[in-house]
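Please read all numbers here as calculations on a predicted model, not as lab measurements.
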Protein chains: 2
Amino acid sequence: MARDAALERRVLDVLWQGGEWSVRQVLAEVDEPLAYTTIATVLDRLHEKGQVQRVKQGVSWQYWAARSKDEALAAEVGRLMARAEAAPEPMLVAFLDQVERVDPDALDRLEALLEARRQRK
Amino acid sequence: MARDAALERRVLDVLWQGGEWSVRQVLAEVDEPLAYTTIATVLDRLHEKGQVQRVKQGVSWQYWAARSKDEALAAEVGRLMARAEAAPEPMLVAFLDQVERVDPDALDRLEALLEARRQRK
DNA sequence: GAGTATCTACGACAAATCGTAGTAGGAGAC
DNA sequence: GTCTCCTACTACGATTTGTCGTAGATACTC
């Protein structure tokens, strides 16, 4: 029952909604019958890992995501790419395959983004 | 010292070179002072997880990767995309960012691939 | 055919990660 | 002062991964 980091991701998803959150607020938002301390522990561990930041507000902490969801996503992609050892060709193909599979229209949007990026440069 | 699956990946990298491998061959290729049984165990576990296949050759097994490196890569990308919950827009941007960072020229190749794909359809 | 080498099957153990929560103690609210 | 809430600390069990050891079967060599 432990190895997919599901709860950590769920908590991060809450924080990614933006703003600062107390443990209790996160607990309410996660909407699962979990103990207060469970969420507190998860937030604490995410803080140790540098994935969330926090500041003391009176007696309690306020937490927020250290990186936006998009940044986290980009980091994941980067890690994948690093693992693929640069050689991006198969990576590119794999990516297009997956994009197409999930959402065929996304290919058009991707092309638009590419175009925009080219202009910008 | 356990959680990054580094050895499993190293073993997979060996298998991805293609062909069938005995435990001993993999051990030699990995080129680390590890026990024979260490590699045997890793291969066994990868087999249990369906990541490698094997066939008995006399007394010993021959192993090979169940999926090519490219396929595994595509699966990873797919998993990432699923986690990003479809919303492919930030995913697309993140991807382009990373591609550009790793290899600016790859953007051109990506565009070519996109074009080709459009033709094909 | 006995001795040696080689494999596999099984089991183990330690470290790390993660889900989950209890307890103790402090600080504020009334 | 008592009640409530929060943090800090600790803990435990499951799972994953790295790393081997042992035992038993098979094969190769004289």
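In this structure, B:Ala94 and A:Leu73 approach most closely via the heavy-atom pair CB-C, 4.3 Å.
Judged by distance alone, with hydrogens and angles left aside, the side-chain atoms of A:Glu71 form a donor-acceptor pair with the main-chain N or O of A:Ser68 at under 3.5 Å. A donor-acceptor pair under 3.5 Å links the side-chain atoms of B:Ser22 to the main chain of B:Gln25, judged by distance alone.
In this structure, B:Arg24 does not reach the C:dT6 phosphate: none of its side-chain N or O atoms is under 4.0 Å from OP1 or OP2. Side-chain nitrogen and oxygen atoms of B:Thr41 include none within less than 4.0 Å of the OP1 or OP2 phosphate oxygen of D:dT19.
Of the residues near DNA chain D, B:Lys49 and B:Leu34, the one whose nearest nucleotide (by heavy atom distance) lies more toward the 5' end is B:Lys49. In this structure, B:Ser60 and A:Leu7 both approach DNA chain C, and ranking their closest nucleotides by distance from the 5' end singles out B:Ser60.
To the nearest angstrom, C1' of C:dT20 lies 10 Å from CD1 of A:Ile39. Between B:Arg45 atom CZ and D:dG18 atom C1' there is a gap of 7 Å when expressed in whole angstrom units. The CD atom of B:Gln57 sits 18 Å away from the P atom of C:dT6 (whole-angstrom rounding). A straight line from CG of A:Leu27 to C1' of D:dT7 spans 15 Å, rounded to a whole angstrom. In this structure, A:Glu8 places its CD atom 13 Å from C1' of C:dA16, rounding to the nearest Å.
The side chain of A:Thr37 approaches C:dG22 more closely than any other nucleotide in the set C:dG22, C:dA9, C:dC7. Closest to the side chain of B:Trp61, from the set D:dG18, C:dA9, C:dC18, is C:dA9.
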